[in-house]
Number of protein chains: 2
Amino acid sequence: MVGIRDIAQQAGVSISTVSYALNGSSKITEETRQRILKIADELNYIPNMAGRALKRKQTDIIGIYFTDYGGYFYGQILEGVGSTLKKHGYELIACSGKKSHLFLPEKLIDGAIILDSSYKSEEITHYADRGHHIVVMDRELDHKNVSQVLLDNIGGATLAIDYLIQKNLAKIYVVSGPDIAYDSRIRLKTALEELERYDNCEAVVLTGDFTKESGRQAAKTIIQEWNEEPVGVFALNDEMAIGIYDILKDSPLQIGKDIKLIGFDNDEIGSYITPGLSTFEYSKYKWGAVAAEKIIQLLDGKNVKNDLIYTTLLRRGSTEK
Amino acid sequence: MVGIRDIAQQAGVSISTVSYALNGSSKITEETRQRILKIADELNYIPNMAGRALKRKQTDIIGIYFTDYGGYFYGQILEGVGSTLKKHGYELIACSGKKSHLFLPEKLIDGAIILDSSYKSEEITHYADRGHHIVVMDRELDHKNVSQVLLDNIGGATLAIDYLIQKNLAKIYVVSGPDIAYDSRIRLKTALEELERYDNCEAVVLTGDFTKESGRQAAKTIIQEWNEEPVGVFALNDEMAIGIYDILKDSPLQIGKDIKLIGFDNDEIGSYITPGLSTFEYSKYKWGAVAAEKIIQLLDGKNVKNDLIYTTLLRRGSTEK
DNA sequence: TTGTAAGCGTTATCAC
DNA sequence: GTGATAACGCTTACAA
């Protein structure tokens, strides 16, 4: 391994001179700098991260945490985060596994972006208390070192119910998600509150967990309870809605006609199934980009406000037929 | 920040004793160890990565590199890699951006797994020459510090053509992928060689780049050239095949009847479109898991053999109707 | 069993 | 402008 001492020796200067040359200090002749740079290049010098980080106390790396790697969903978020961070000289790594939570206190990363319901809020607060900077995308957390960028679940869920109500249905099902997921909790709570406003419509919650399989289970229940009257279904995410399709396509019930179905998140599959799945869309890229901006502002010691990413209703065949 | 010196002071011992205690050395009384561990815990001690890495010359972190973050595709690979690495005490980070290529020589990661056609082979060889260990999933590279885990593209592409040939078609289109992508090149080369064997079938290559849009372009050409005779189409990946559906659904040509279409990679969407997309499937989880095993073996100084992940034909409506 | 001290590769504060 | 040198937090011979 070649380090700055090797370069120093080759160049016949001291290691501090090399360091200055490498880091573009102005205390050095342009001539010696060029000479040193040339030697560094010839020797294939690459600075050692550990040594550098130890001294600088920062790595210029941001870590992002997801609940799981599933879903094309995350790709666009990563692009939003990654390209924004890049502009500011930061690198992005996607971390997996419980042990990687330590990257923050271990100082491997300068900041963390979290969209991972398995990450405990106490743990986040704990790190924040110790001066680490964090952006959360999946919970509310009030702390001077933490900023939030949340989806406007309230707007979406309210609209979803209002939209179904307009269809004059006697019954509306809400297929819930896992209780640990913030997005799920808020969507459910909002939907139920909104449904309370309307007397002539029965509200039924079917327990789900954001997986396709739980959507299938919900579909079975809906078929069993079916009484020839059109019903509404608000699946709290598209994946479960797609599970509902899986079952209903082999049943006499027609999506769009007998069942007005609406999901959330605008999963790509929703545009390929028949009829198309109505859902709520939002820019995942922007969501990520805003999160990246927040973490940079936090690291810059700025006062950071929280943000909301708005969603819009996407009408397709599953509610319109 | 609390370090081992703080613990040492609290415990009234030297820093080496603390280090021994923390690292489970047998040179220490169980009693003092417990006492030190307790204090470390009370002080919320977390070892500093940089200090540790600087001394140990390793981080127990493996980096994985993807071309882009697109696609649910990668999720399963990451799970395969991640869970395998975890069993062996390694962490996994997904790296993005050109600068992150330096993580290997910078010694931030102990090894790299590459599925990223934008990563130059010369760069890989260069690092390997310097003693770094790498597993490639998207190219052939013969080097003692590099191991490969490739898809059996040859088997798949051969079967794809043979299968289409059985349908007695006068013409078979091959929609190609980007030339930089290894999987694309091999599939194309294999398909063309296989097609050469059959005289009574015209082979036509339509240039694509693995994107949906290029599939749409190909579809337009196919429609233009259509002469009432059934034709075969081998799209070198499912994404392009799905692009073909996009266009053909608004044309008189029927997939499965007029056009026998087959893709590659078993994208989830293929099972939701109508008719279902015939394709080649393989375990992405296993692909990742095997790559993880290879990198661990390389790091253990073992002699590592290359591996192949086999694919199987999945028949659905797009070729069967 | 525990302590002392050197060293990992870098940066940055001093003198010169 | 350049060079010694200390420091970053940790591991590990070696000494006691």
Side-chain angles (χ1 to χ4, degrees), chain A residues 1-37 39-40 43-61 102-110 130-132, chain B residues 1-37 39-40 43-61 102-110 130-132:
Chain A
M1 156 150 240
V2 27
I4 52 171
R5 342 184 74 88
D6 303 277
I7 304 176
Q9 200 174 11
Q10 276 281 326
V13 296
S14 77
I15 58 163
S16 42
T17 306
V18 174
S19 179
Y20 288 137
L22 259 28
N23 293 303
S25 162
S26 54
K27 343 173 60 178
I28 268 193
T29 338
E30 192 51 35
E31 187 199 331
T32 44
R33 154 175 290 104
Q34 289 307 334
R35 195 161 56 86
I36 290 174
L37 253 38
I39 295 178
L43 294 181
N44 271 317
Y45 169 76
I46 290 179
N48 177 294
M49 189 82 191
R52 191 151 214 266
L54 188 56
K55 188 66 192 176
R56 295 183 60 220
K57 292 166 173 304
Q58 67 180 72
T59 58
D60 299 337
I61 300 173
L102 293 176
F103 286 172
L104 201 51
E106 279 174 337
K107 308 217 131 215
L108 178 83
I109 55 178
D110 294 347
R130 298 175 63 169
H132 296 294
Chain B
M1 158 151 236
V2 26
I4 53 171
R5 340 184 77 89
D6 303 276
I7 303 176
Q9 200 173 12
Q10 276 281 324
V13 297
S14 78
I15 57 162
S16 49
T17 306
V18 174
S19 179
Y20 289 137
L22 259 28
N23 293 304
S25 160
S26 55
K27 337 172 72 179
I28 268 192
T29 339
E30 191 52 33
E31 187 198 331
T32 44
R33 155 175 289 104
Q34 289 308 332
R35 196 162 54 88
I36 290 174
L37 254 37
I39 294 178
L43 294 181
N44 272 317
Y45 169 76
I46 291 177
N48 176 294
M49 190 80 190
R52 191 152 215 266
L54 190 55
K55 189 66 194 178
R56 295 183 62 219
K57 293 167 171 303
Q58 67 180 73
T59 59
D60 299 338
I61 299 173
L102 293 176
F103 286 172
L104 201 51
E106 279 174 337
K107 309 220 127 211
L108 178 82
I109 55 177
D110 294 348
R130 299 176 63 169
H132 296 294

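First the proteins, then the strands, lettered A, B, ... as listed; each starts at 1.
- A/Glu106 has its CD atom 16 Å from the C1' atom of D/dC8, to the nearest Å.
- Axis orientation changes by 40° from one end of the helix from C/dT1-D/dA16 to C/dC16-D/dG1 to the other, with each end axis drawn from 5 pairs and the value rounded to 10°.
- The side chain of B/Ser19 places an N or O atom within less than 4.0 Å of a non-bridging phosphate oxygen (OP1 or OP2) of D/dT11.
- Nucleotides of DNA chain D nearest to B/Val2 and A/Val18 differ in position, and the one nearer the 5' end is that of A/Val18.
- The shortest side-chain heavy-atom distance between A/Gln58 and A/Asp60 falls under the 4.5 Å cut-off.
- Going from atom CG of A/Asn48 over to atom C1' of D/dC10 covers 14 Å, rounded to whole Å.
- Atom C1' of nucleotide D/dA4 and atom CD1 of A/Ile15 are separated by 9 Å, given to the nearest angstrom.
- For the pair A/Lys57 and A/Asp110, the minimum side-chain heavy-atom distance is 4.5 Å or more.
- A/Thr17 has a side-chain polar atom (N or O) that falls below the 4.0 Å cut-off from OP1 or OP2 of D/dG3.
- A donor-acceptor pair shorter than 3.5 Å can be found between the side chains of B/Ser14 and B/Thr17.
- No donor-acceptor contact under 3.5 Å links the side chain of A/Ser14 to the base of D/dA4.
- Side-chain atoms of B/Ile7 and B/Leu43, non-hydrogen and from C-beta on, do get closer than 4.5 Å to each other.
- Within residues 21-28 of chain B, the residues having any heavy atom under 4.0 Å from DNA chain C are, by residue number, B/Lys27, B/Ile28.
- By the neighbour-count criterion of 12 heavy atoms within 6.0 Å, atom CD of B/Gln9 is sparsely surrounded, having that number or fewer from other residues, nucleotides or ligands.
- Bracketed by its first and final contacts, the part of DNA chain C lying under 4.0 Å from non-hydrogen atoms of chain A reaches from C/dG9 to C/dC14 in 5' to 3' order.
- Taking the side chain as every heavy atom from C-beta outward, B/Val13 and B/Arg35 approach each other to under 4.5 Å.
- The nearest whole Å value for the distance from the CG atom in A/Leu102 to the P atom in D/dC10 is 13 Å.
- The minimum heavy-atom distance linking A/Tyr20 with A/Arg33 is given by the pair O-NH2, 3.8 Å.
- Contact record, B/Asp6 with B/Met1: OD2-O, 4.0 Å, taken as the closest heavy-atom pair.
- Judged by distance alone, with hydrogens and angles left aside, the side-chain atoms of B/Thr59 form no donor-acceptor pair with the main-chain N or O of B/Ala53 at under 3.5 Å.
- No more than 12 heavy atoms of other residues, nucleotides or ligands shown are found within 6.0 angstrom of CD on A/Glu31.
- Spacing between atom CE of A/Met49 and atom C1' of D/dC10 amounts to 17 Å, rounded to whole angstrom units.
- Using a 4.0 Å heavy-atom distance criterion, B/Thr29 is classed as a sugar-phosphate-only contact.
- Whole-Å rounding puts the B/Arg5 CZ to D/dC10 P distance at 9 Å.
- Summarising the geometry, the separation between CD1 on B/Ile4 and P on D/dT12 is reported as 11 Å, rounded to the nearest angstrom.
- Contact between the side-chain N/O atoms of B/Tyr45 and the OP1/OP2 oxygens of D/dC10 is found at a separation under 4.0 Å.
- One finds no side-chain N or O of A/Lys57 lying less than 4.0 angstrom from the OP1 or OP2 phosphate oxygen of D/dA7.
- Each of B/Lys55 and B/Thr32 has a nearest nucleotide on DNA chain C; the 5'-most of these lies closest to B/Thr32.
- A 4.5 Å side-chain heavy-atom check between B/Met49 and B/Ile61 finds at least one atom pair inside the cut-off.
- Atom OH of A/Tyr20 and atom P of D/dA4 are 13 Å apart (whole Å).
- The line from CD1 of B/Ile15 to CG of B/Leu22 is 12.0 Å long, rounded to the nearest 0.5 Å.
- Annotation: of the two residues near DNA chain C, B/Gly51 and B/Gly12, the 5′-most nearest-nucleotide partner is B/Gly12.
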